[in-house]
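A short write-up of the structure that comes next.
Here is the naming used below: chain letters follow the sequence lines, and residue numbers restart at 1 for every chain.
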There are 2 protein chains.
Amino acid sequence: MITIGRLARYAGVTIKTIRVYHAKGLLPEPERDSSGYRRYTARHAIDLIKIRSLADAGVPLARIRDLRAAPAADLRRALHEIDGDLTARIGELRRVRRRLRRLAAGDDLLPTGVGAHLDRLREYGFSDHWVAFQADLWILVFATHPETATELLQDQAQALTEPALRRIFLDYDGAHDLAPGDPRVDELADRMVRAIRDRYDPDHLPGQDPSSDIPTLIQATVNASSPAWRRLDALVRRRLG
Amino acid sequence: MITIGRLARYAGVTIKTIRVYHAKGLLPEPERDSSGYRRYTARHAIDLIKIRSLADAGVPLARIRDLRAAPAADLRRALHEIDGDLTARIGELRRVRRRLRRLAAGDDLLPTGVGAHLDRLREYGFSDHWVAFQADLWILVFATHPETATELLQDQAQALTEPALRRIFLDYDGAHDLAPGDPRVDELADRMVRAIRDRYDPDHLPGQDPSSDIPTLIQATVNASSPAWRRLDALVRRRLG
DNA sequence: TTCAACCCTGCCCCTGGGGCAAGGTCAACC
DNA sequence: GGTTGACCTTGCCCCAGGGGCAGGGTTGAA
């Protein structure tokens with residue numbers, strides 16, 4: 001006839017845990033003594049220890065409660081199932097860790113390939129501001145359109161190997177702080193339109209996919225950061241549309 | 001300017017999750033349109049995707065919130081720490097699974113060695129009732145006194161190889177349904193006292209450890225199941241002093 | 001005009017307990 | 001016979017990471 005504290009120490013749990021098990025119907029409430037204290041028997045200790053050995057194995061308490069009324073065959077079947085669950089959880093954690101390590105190796109949360117692309121941008125002389133912007137942009141594209149993102153990235157990387165196109169992008173970067181009325185903005189818009197017409201099929205201009213808001217969303221963010229860029233977008237859009 | 005549902009689909013989370021992140025301060029609340037709907041920008045999408053890639057790696061939300069204000073070096077350090085956490089969790093799950101498999105293989109929640117002992121009891125002709133009783137008893141002993149349980153079990157197993165002692169235990173088993181006043185109870189008590197005096201140092205009788213209630217608890221449970229057993233315990237206890 | 005699909009806030013629910021408050025009880029010590 | 005400290009009681013709120021429902025408002029397309 002031991003008290004709850006002793007039982008807790010024997011079973012290696014806290015008093016709270018035992019009371020929770022009573023409340024959840026896993027362990028029957030014992031008799032009370034004259035002062036209302038719970039008084040436990042060896043049966044309770046044995047039951048509690050069995051419950052803990054299942055709980056330690058990761059079996060949810062509700063499941064343990066049901067299992068305690070079930071025959072041994074059910075118990076075996078349930079244990080097998082729980083084993084499968086554990087294996088799945090281990091696999092999932094391993095995947096997560098692999099992802100995390102790639103993340104840590106890249107110093108940031110970048111999808112594969114984007115890091116190298118950003119390094120090239122720095123080499124080409126793009127501003128830090130532009131590089132940071134591109135990083136975020138590619139995160140967004142990879143998350144929302146994983147199936148075409150790599151293709152887009154490769155297209156973009158290839159475009160930058162051509163000096164004339166690279167010049168356009170560098171000038172776009174540089175136009176950030178121009179006044180919107182600056183003639184260089186108009187001149188850049190001209191070059192952009194010609195380059196786009198040159199490079200892409202007029203019926204399949206990139207960023208025109210009507211099933212996605214992402215290009216629009218990105219362009220809105222781009223535009224919001226500079227009046228000159230906003231004007232540039234308007235000009236290009238008018239001449240292409 | 002997308003709605004919460006679209007943002008949720010892009011990021012692969014539920015609407016509820018986004019609202020929870022607002023409430024927890026992980027993601028800033030966006031502007032509202034004229035009807036009170038939240039309207040999100042690309043920035044929110046990027047932030048949310050970054051948050052999710054950390055959350056998917058098992059980083060607690062509170063930690064993510066703090067990390068978002070921290071410099072890159074802190075982020076790297078935190079990622080390394082999280083990697084360690086993950087490794088520890090994987091190891092723990094593996095241990096749990098190993099325990100579970102031993103559990104499943106033994107058909108029950110028995111500590112190592114007890115299963116074989118119980119099989120021998122059956123061979124010796126003990127009743128099913130007795131064997132089940134012993135199973136629970138050893139679970140309790142192993143859980144509460146892991147350091148001496150194996151020793152006790154071996155002592156018990158060795159005792160049972162001696163025919164005279166085995167006879168005593170078998171008679172104890174058989175006495176369960178005797179009337180408490182049956183002379184065979186007195187005769188058995190006599191044999192038990194002689195055997196105990198014979199086998200054990202009188203200053204170190206087993207089950208007399210004053211620092212543990214477990215023997216008392218077990219004896220109380222044993223006694224509760226049969227009047228004859230209760231009388232047997234009283235007789236032995238009186239004669240042993 | 002109607003209908004489905006959205007959106008809003010506020011509320012309670014889950015697991016597996018932790019922790020605290022406010023009070024009652026027990027055993028030992030002085 | 002007090003006091004002290006350890007123990008017990010119930011009841012309540014808290015954590016992560018959301019799920020789900022109620023009871024309403026809004027939007028867009030047929």
Using a 4.0 Å cut-off on protein heavy atoms (strictly under), produce a 5'-to-3' string for nucleotides 18-30 of chain D with B for base contact, S for backbone-only sugar-phosphate contact, and - for none.
-> BBB----BBS---

Using the heavy-atom set of chain B and a strict 4.0 Å cut-off, write down the first and last nucleotide of DNA chain C that makes it in, 5' to 3'.
-> C:dC6 to C:dC11

Length of the CZ-P vector between A:Arg9 and D:dC8, whole Å | 7 Å

Separation of B:Asp56 atom CG from D:dG17 atom C1', in whole Å?
-> 12 Å

Using a 4.5 Å cut-off on heavy atoms from C-beta on, say whether the side chain of B:Leu54 contacts that of B:Arg63.
-> no

State, yes or no, whether a side-chain contact exists between A:Trp229 and A:Val185 at a heavy-atom distance under 4.5 Å.
-> no

Do B:Asp155 and B:Tyr200 have a side chain donor and acceptor closer than 3.5 Å?
-> yes

Please determine, by modelled atom types, if A:Arg43 and B:Thr221 share a side-chain donor-acceptor pair under 3.5 angstrom.
-> no

Under 4.0 angstrom, heavy atoms only, what part of the nucleic acid is B:Arg19 near: base, sugar-phosphate, or nothing?
-> base

Would you classify A:Arg63 as touching base, sugar-phosphate or nothing, given that sugar-phosphate means primed atoms plus P, OP1 and OP2, and contacts are heavy atoms under 4.0 Å?
-> nothing

Test item: B:Arg230 side-chain N/O and B:Asn223 main-chain N/O as donor-acceptor pair under 3.5 Å | yes

Keeping the roles fixed (side chain from A:His176, backbone from A:Trp130), state whether a donor-acceptor pair exists under 3.5 Å.
-> no

How about A:Arg94: does its CZ atom have over 12 heavy atoms from other parts shown lying under 6.0 Å from it?
-> no

Whichever of B:Ala62 and A:Tyr40 has its nearest DNA chain D nucleotide further upstream toward 5' = A:Tyr40

Assign the ring pair A:Tyr40 / A:His44 to parallel, tilted or perpendicular, where the plane angle (0 to 90°) is split at 30° and 60°.
-> perpendicular

